[in-house]
Enquirer: 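Sharing a structure here in structure tokens format.
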Amino acid sequence: MKCLNARHILGISTLSPGEISLILDTAESLKEILDRPIKKVPLLRGKTVVHLFFEPSTRTRLSFELAAKRLGADTLGISAGASSVKKGETLIDTARNIEAMRPDVIVIRHPYSGTPHLLTKYISSTVINAGDGINEHPSQALLDAFTVREHLGHIKGLKIAILGDIAHSRVAHSDILAFTKMGAEVVVSGPATLLPPRQTEVLGARVALRVEEALEDADAIIALRIQRERQGRSLVPSKREYARFFGLGPEKVRLARPGVLIMHPGPINRGVEMAPEVADGPYSVILDQVTNGVAVRMALLALLFKKS
């Protein structure tokens, strides 16, 4: 197995197209483990992975934990409510105390952008960013890219439409970087209040003020959740108005290419970001994204430990 040049996984911005391809190829080879009667291999036996989550999470946390266990690693999960941070301990002191127990990898999700990068300056364990503020969510982008490649066979030359809260979405930022690095055209659209100000391009993506322009001939559509917890105040008049103009319904899906992939990082606000018949429709690969999240996170752990 080849290895990554990177010691940490902090963002898509630090990965080369070749490294992204390596991760996707490795995920493809490891995914078959998930279909075995005994879903476990000893690849990481004797290794320890700590999951340090300071934000609520279902899919990301569970898939990281499952990925480590499927590869035979020992795991330990710590949430903000159960940590000494609640007693006034600093994040750095928490991380140093965890490292004193000799883990191999710390997977961290935190509401403040740049937190995983900060940890790498104070601890020697490998750090994986499971989402930091409005910055990046690299493993989500990798599983999205893997899902598109798995269904369509390639990424280069495709048109990827991303709809919704672009300004506050770390998923959008990492997806844009991943898909553009792999040769796709990315077009983003959403309410003007949810787009980065004074930018005609966002990290290399084209901005379409009309959602119909973004959807036209799209090969995949990624609908985003409205990030109300990161906005400070509501930036859309109402959920009903958002659904009317930017929600993904059957009539909007018809603007895309036949067989377009319908994607969402979850959790879905049904009837707001997309209609139930779209979320559960024949083009939806949302549950495939969840399955692929385990495979991609297995690949990240395997490649990082291979380097060590």
Side-chain angles (χ1 to χ4, degrees), residues 59 137 140-141 143-145 147-152 154-155 157-176 178-180 184-196 199-228 231 234-290 292:
R59 283 155 296 277
H137 193 349
Q140 178 69 46
L143 74 88
D144 287 347
T147 302
V148 168
R149 194 181 77 165
E150 181 179 58
H151 282 271
L152 300 181
H154 62 100
I155 295 174
L158 298 178
K159 179 180 178 181
I160 311 295
I162 304 179
L163 307 181
D165 190 353
I166 308 300
H168 303 93
S169 174
R170 57 196 175 203
V171 173
H173 301 159
S174 287
D175 269 345
I176 291 167
F179 282 112
T180 54
E185 176 194 10
V186 180
V187 183
V188 300
S189 186
T193 52
L194 299 182
L195 294 174
Q199 291 191 32
T200 56
E201 291 189 358
V202 181
L203 300 174
R206 179 164 60 88
V207 176
L209 297 181
R210 294 177 59 255
V211 68
E212 292 80 7
E213 180 185 347
L215 294 175
E216 187 176 4
D217 293 328
D219 297 284
I221 304 169
I222 302 173
L224 301 171
R225 184 176 62 85
I226 300 175
Q227 309 281 305
R228 292 188 181 276
Q231 294 176 13
S234 179
L235 296 177
V236 293
S238 67
K239 290 182 179 180
R240 177 178 294 182
E241 184 158 332
Y242 180 91
R244 177 185 175 190
F245 291 102
F246 294 96
L248 195 58
E251 68 287 347
K252 289 191 176 75
V253 171
R254 285 193 283 269
L255 296 172
R257 291 187 184 277
V260 62
L261 303 182
I262 303 298
M263 305 172 68
H264 194 296
I268 302 172
N269 291 306
R270 289 172 177 262
V272 181
E273 295 122 20
M274 65 173 61
E277 58 267 35
V278 173
D280 301 323
Y283 304 137
S284 173
V285 294
I286 295 171
L287 293 180
D288 290 346
Q289 289 175 268
V290 177
N292 290 339

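The structure presented is a predicted model; accordingly, all values stated were derived computationally and were not measured.
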Enquirer: Please find the pair of heavy atoms, one from P276 and one from G271, that lie closest to each other, and give the distance.
Expert: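 Answer, listing the atom of P276 first, then G271: CD-N, 4.1 Å.
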Enquirer: Is the shortest side-chain heavy-atom distance between V278 and Y283 below 4.5 Å?
Expert: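 No - every pair of side-chain heavy atoms lies 4.5 Å or more apart.
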Enquirer: Does the side chain of R206 come within less than 4.5 Å of E213's, by heavy atoms?
Expert: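 The answer is yes, as the side chains (C-beta and beyond) meet within the 4.5 Å cut-off.
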Enquirer: With rounding to the nearest 0.5 angstrom, report the CG to NE2 distance, D144 to H264.
Expert: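 These two atoms lie 11.0 Å from each other.
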Enquirer: Indicate the atoms forming the closest heavy-atom contact of R59 with G266, along with that distance.
Expert: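 Taking every non-hydrogen atom into account, NH2-C, 3.4 Å.
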Enquirer: Counting distance only, does the side-chain N/O of S189 pair as donor-acceptor with the main-chain N or O of A214 below 3.5 Å?
Expert: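 Absent.
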Enquirer: Measuring from atom CD1 of I221 to atom CG of L248, what distance do you get when rounded to the nearest 0.5 angstrom?
Expert: 5.0 Å
Enquirer: Can a donor-acceptor pair be found, under 3.5 Å and without considering hydrogens, that links the side chain of K252 to the backbone of G247?
Expert: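 Yes; at least one donor-acceptor contact below 3.5 Å.
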Enquirer: Evaluate the criterion side chain to side chain contact (heavy atoms under 4.5 Å, CB included) for residue pair L195 and L209; output intermediate values, then yes/no.
Expert: CA-CA 9 Å; L195 294 174; L209 297 181; 4.1 Å; yes
Enquirer: Report yes if some heavy atom in the side chain of L158 is under 4.5 Å from a heavy atom in the side chain of F179; otherwise report no.
Expert: no
Enquirer: When you look at F245 and V211, which way does the side chain to side chain contact (heavy atoms under 4.5 Å, CB included) test go after all the steps?
Expert: CA-CA 8 Å; F245 291 102; V211 68; over 6 Å; no
Enquirer: Does any N or O in the side chain of S284 come within less than 3.5 Å of the main-chain N or O of D280, such that one atom is a donor and the other an acceptor?
Expert: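 Not confirmed, S284 side chain does not pair with D280 backbone.
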Enquirer: Drop me the distance from R225's CZ to H168's NE2, to the nearest 0.5 angstrom.
Expert: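 Here the interatomic distance stands at 12.0 Å.
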Enquirer: Roughly how far, to the nearest 0.5 Å, is the OG atom of S169 from the CG atom of D175?
Expert: 7.5 Å
Enquirer: Output, in order, the C-alpha distance, side-chain angles, deciding distance and verdict of salt bridge (charged side-chain N to carboxylate O under 4.0 Å, His left out) for K159 and D217.
Expert: CA-CA 7 Å; K159 179 180 178 181; D217 293 328; over 6 Å; no
Enquirer: Identify the two heavy atoms, one from A275 and one from G249, that lie closest to each other, and give their separation to 0.1 Å.
Expert: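 Of all heavy-atom pairs spanning A275 and G249, the closest is CB-CA, 4.3 Å.
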Enquirer: In the structure I gave you, are the side-chain heavy atoms of F246 and L224 within less than 4.5 Å of one another anywhere?
Expert: no
Enquirer: Say you draw a straight line from NE2 of H173 to CD of Q140; how long is it, rounded to the nearest 0.5 Å?
Expert: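 The NE2 atom of H173 sits 14.0 Å away from the CD atom of Q140.
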Enquirer: Closer than 3.5 angstrom, by distance alone: can the side chain of Q289 be matched with the main-chain N or O of M263 as a donor-acceptor pair?
Expert: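 No, the answer is negative, given that no donor and acceptor are paired below the 3.5 Å cut-off.
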Enquirer: Using side chain to side chain contact (heavy atoms under 4.5 Å, CB included), reason through I162 and V187 one step at a time and then give a plain yes or no.
Expert: CA-CA 6 Å; I162 304 179; V187 183; over 6 Å; no
Enquirer: If I compare all heavy atoms of V253 with all of I262, which pair ends up nearest, and what's the gap?
Expert: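 Taking V253 first and I262 second, the nearest heavy atoms are CG2-CD1, 4.1 Å.
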Enquirer: Any heavy-atom pair between the side chains of L143 and V290 that's under 4.5 Å?
Expert: no
Enquirer: Ignoring hydrogens and geometry beyond distance, is a side-chain donor-acceptor pair present between T147 and D288 at under 3.5 Å?
Expert: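 Their side chains do not contain a donor-acceptor pair, so the 3.5 Å distance test is not met.
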Enquirer: Does any non-hydrogen side-chain atom of I226 lie less than 4.5 Å from one of N269?
Expert: no
Enquirer: Please round to the nearest 0.5 Å and tell me the distance separating atom CZ of R254 and atom CD of E216.
Expert: 15.0 Å
Enquirer: So do V285 and L287 actually touch side chain to side chain, heavy atoms under 4.5 Å?
Expert: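 They are not in side-chain contact.
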Enquirer: Quick check: closest heavy atoms across V188 and A205, and the distance to 0.1 Å?
Expert: CG1-CB, 4.0 Å
Enquirer: Looking at L215 and A161, what are the two nearest heavy atoms and their distance?
Expert: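 Minimum heavy-atom separation between L215 and A161: CD2-CB, 4.3 Å.
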Enquirer: For residues T180 and E185, determine if any side-chain heavy atom of one lies less than 4.5 Å from a side-chain heavy atom of the other.
Expert: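 Not touching, per the 4.5 Å side-chain cut-off.
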